[in-house]
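Report on one structure; see the data block that follows.
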Amino acid sequence: MGSTSEKYAAFKEKVRRTVYFDNLSPQVTESVLRTALEQFAIVKTVKFIPNYIGPSNLPQCALVELDSVKKAEEVILMIRQYPFMMSGMPRPVRARHAEEEMFDDRPIDPDRKIQCTWLDPSDPDFEVAMELKRLACKHAAEISFMHRLQLLEEEKLAQQQTETLKVHYKKFKMIEDITMDGTARRLAREYDMRITDE
């Protein structure tokens with residue numbers, strides 16, 4: 001490709017076409033994500049964001065590049081308005097616009113200048129840096145706690161769904177049994193009702 005500024009401009013256009021998906025089930029794969037989204041837009045690329053610090057059963061995140069900015073906005077709007085689940089898990093997917101910082105392969109911004117310096121403990125900014133470090137540790141602990149709560153809620157919801165499914169299965173099995181063994185026809189004759197095989 002051309003110069004650094006051209007590469008960065010192309011990257012910014014890619015970011016505008018990309019949707020950030022959060023709260024994905026750990027069972028969701030690239031093919032599941034493609035199949036779910038290709039009913040709305042052409043999926044160009046799918047990239048899962050690895051979670052290096054949490055357990056593997058935590059929700060996943062992914063960056064999905066679509067064919068146009070308009071389609072990306074439509075998908076985000078649709079997912080915000082309606083619950084959208086993948087892989088049948090009780091975990092509604094969230095979507096929003098991707099940001100440049102989410103890409104690990106982003107090119108260098110030609111206008112950005114980074115300066116690094118070591119701080120002396122007597123420097124006034126040293127205490128600010130230490131406070132930021134403490135705050136980051138506190139946020140990590142809060143996020144871990146919230147993830148545990150979320151997993152507990154999802155387990156409860158999954159158990160409720162399983163129980164509901166079992167109840168529905170028993171009902172349909174009972175209906176099938178009384179239809180197959182002739183009980184339904186006998187009851188229909190007894191109560192002078194018409195019954196059809198539809």
Side-chain angles (χ1 to χ4, degrees), residues 7-109 112 132-166 168:
K7 284 182 186 176
Y8 195 70
F11 167 71
K12 285 180 91 168
E13 187 58 32
K14 175 184 171 182
V15 171
R16 291 183 63 223
R17 290 191 309 268
T18 304
V19 180
Y20 170 75
F21 287 93
D22 187 17
N23 213 31
L24 294 169
S25 159
Q27 284 83 23
V28 171
T29 61
E30 181 177 339
S31 60
V32 169
L33 205 48
R34 280 184 181 275
T35 305
L37 295 173
E38 281 183 344
Q39 56 187 312
F40 308 110
I42 296 169
V43 177
K44 293 179 90 173
T45 60
V46 175
K47 183 170 185 180
F48 284 94
I49 300 173
N51 180 3
Y52 295 112
I53 58 170
S56 60
N57 62 347
L58 288 178
Q60 295 188 86
C61 308
L63 293 168
V64 180
E65 183 186 356
L66 303 177
D67 57 332
S68 71
V69 176
K70 184 178 179 214
K71 290 289 184 186
E73 289 172 357
E74 287 173 4
V75 166
I76 291 168
L77 186 64
M78 186 271 306
I79 289 177
R80 283 183 180 163
Q81 288 178 342
Y82 306 102
F84 191 70
M85 295 189 180
M86 288 187 209
S87 291
M89 294 297 289
R91 181 184 278 146
V93 176
R94 295 185 296 240
R96 64 182 171 101
H97 290 284
E99 297 171 13
E100 293 176 18
E101 293 77 18
M102 294 175 178
F103 294 81
D104 59 358
D105 59 346
R106 65 184 177 272
I108 297 168
D109 182 352
R112 186 175 179 199
L132 287 172
K133 185 177 177 182
R134 282 192 290 271
L135 194 60
C137 291
K138 179 183 173 189
H139 285 177
E142 289 171 352
I143 288 168
S144 176
F145 177 73
M146 291 304 292
H147 278 179
R148 282 197 300 273
L149 282 181
Q150 184 180 8
L151 289 173
L152 285 172
E153 287 177 14
E154 287 172 6
E155 283 173 16
K156 280 188 207 171
L157 184 56
Q159 190 175 6
Q160 288 174 356
Q161 288 177 337
T162 303
E163 288 169 8
T164 303
L165 186 63
K166 285 179 183 174
H168 289 311

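FYI, side chains are in, hydrogens and waters are out, and symmetry mates aren't considered; it's all heavy atoms of this structure.
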- Among Arg80, Glu73, Met78, find the residue that satisfies the side-chain contact (heavy atoms from CB on, under 4.5 Å) test when tested with Ile76. Arg80
- Message: Measuring only between side-chain heavy atoms, which start at C-beta, is Asp104 closer than 4.5 Å to Lys47?
- Response: yes
- Task: Answer yes or no: is there an ion pair linking Glu13 with Arg16, defined by an N-O contact shorter than 4.0 Å?
- Result: yes
- For the residue pair Leu24 and Leu33, establish whether any side-chain heavy-atom pair is separated by less than 4.5 Å. yes
- Please walk me through it: do Glu153 and Gln150 pass side chain to side chain contact (heavy atoms under 4.5 Å, CB included)? CA-CA 5 Å; Glu153 287 177 14; Gln150 184 180 8; 5.7 Å; no
- Within 6.0 Å of CZ in Arg134, more than 12 heavy atoms from elsewhere: yes
- Item | Under 3.5 Å: donor-acceptor pair, side chain of Arg34, backbone of Val43 | yes
- Message: With a 4.5 Å cut-off on side-chain heavy atoms, are His147 and Ile143 touching?
- Response: yes
- Are side-chain heavy atoms of Phe21 and Val46 found at a separation under 4.5 Å? no
- Task: Taking the side chain as every heavy atom from C-beta outward, state whether Gln159 and Thr162 have any atom pair closer than 4.5 Å.
- Result: no
- Task: Apply side chain to side chain contact (heavy atoms under 4.5 Å, CB included) to Thr18 and Leu66, showing your working.
- Result: CA-CA 6 Å; Thr18 304; Leu66 303 177; over 6 Å; no
- d(Asp109 CG, Glu100 CD) to nearest 0.5 Å is 7.0 Å
- Should Phe48 and Glu30 be marked as a side chain to side chain contact (heavy atoms under 4.5 Å, CB included) after you check the CA-CA gap, both sets of side-chain angles, and the distance that decides it? CA-CA 8 Å; Phe48 284 94; Glu30 181 177 339; 4.2 Å; yes
- If you measure from CD1 on Ile49 to CE on Met102, what distance do you get to the nearest 0.5 Å? 6.5 Å
- Message: So Thr45 and Val64, do their side chains get closer than 4.5 Å, heavy atoms only?
- Response: no
- side chain to side chain contact (heavy atoms under 4.5 Å, CB included) between Lys70 and Glu74, worked out: CA-CA 6 Å; Lys70 184 178 179 214; Glu74 287 173 4; 3.4 Å; yes
- Task: Output the distance between atom CZ (Arg17) and atom CD1 (Ile42), rounded to the nearest 0.5 Å.
- Result: 12.0 Å
- When rounded to the nearest 0.5 Å, the distance separating CZ of Arg94 from OH of Tyr20 is 8.0 Å
- First locate atom CG of Asp105, then atom CG of Leu63, and finally report the distance between them rounded to the nearest 0.5 Å. 9.0 Å
- Message: Please give me the minimum heavy-atom distance between Val15 and Ala98, naming the atom from each residue.
- Response: CG1-O, 3.6 Å
- Task: Determine the minimum heavy-atom distance between Thr35 and Ser31, stating which atoms define it.
- Result: OG1-O, 2.7 Å
- Return yes when atom CG of Leu77 has more than 12 non-hydrogen atoms of other residues, nucleotides or ligands closer than 6.0 Å, and no otherwise. yes
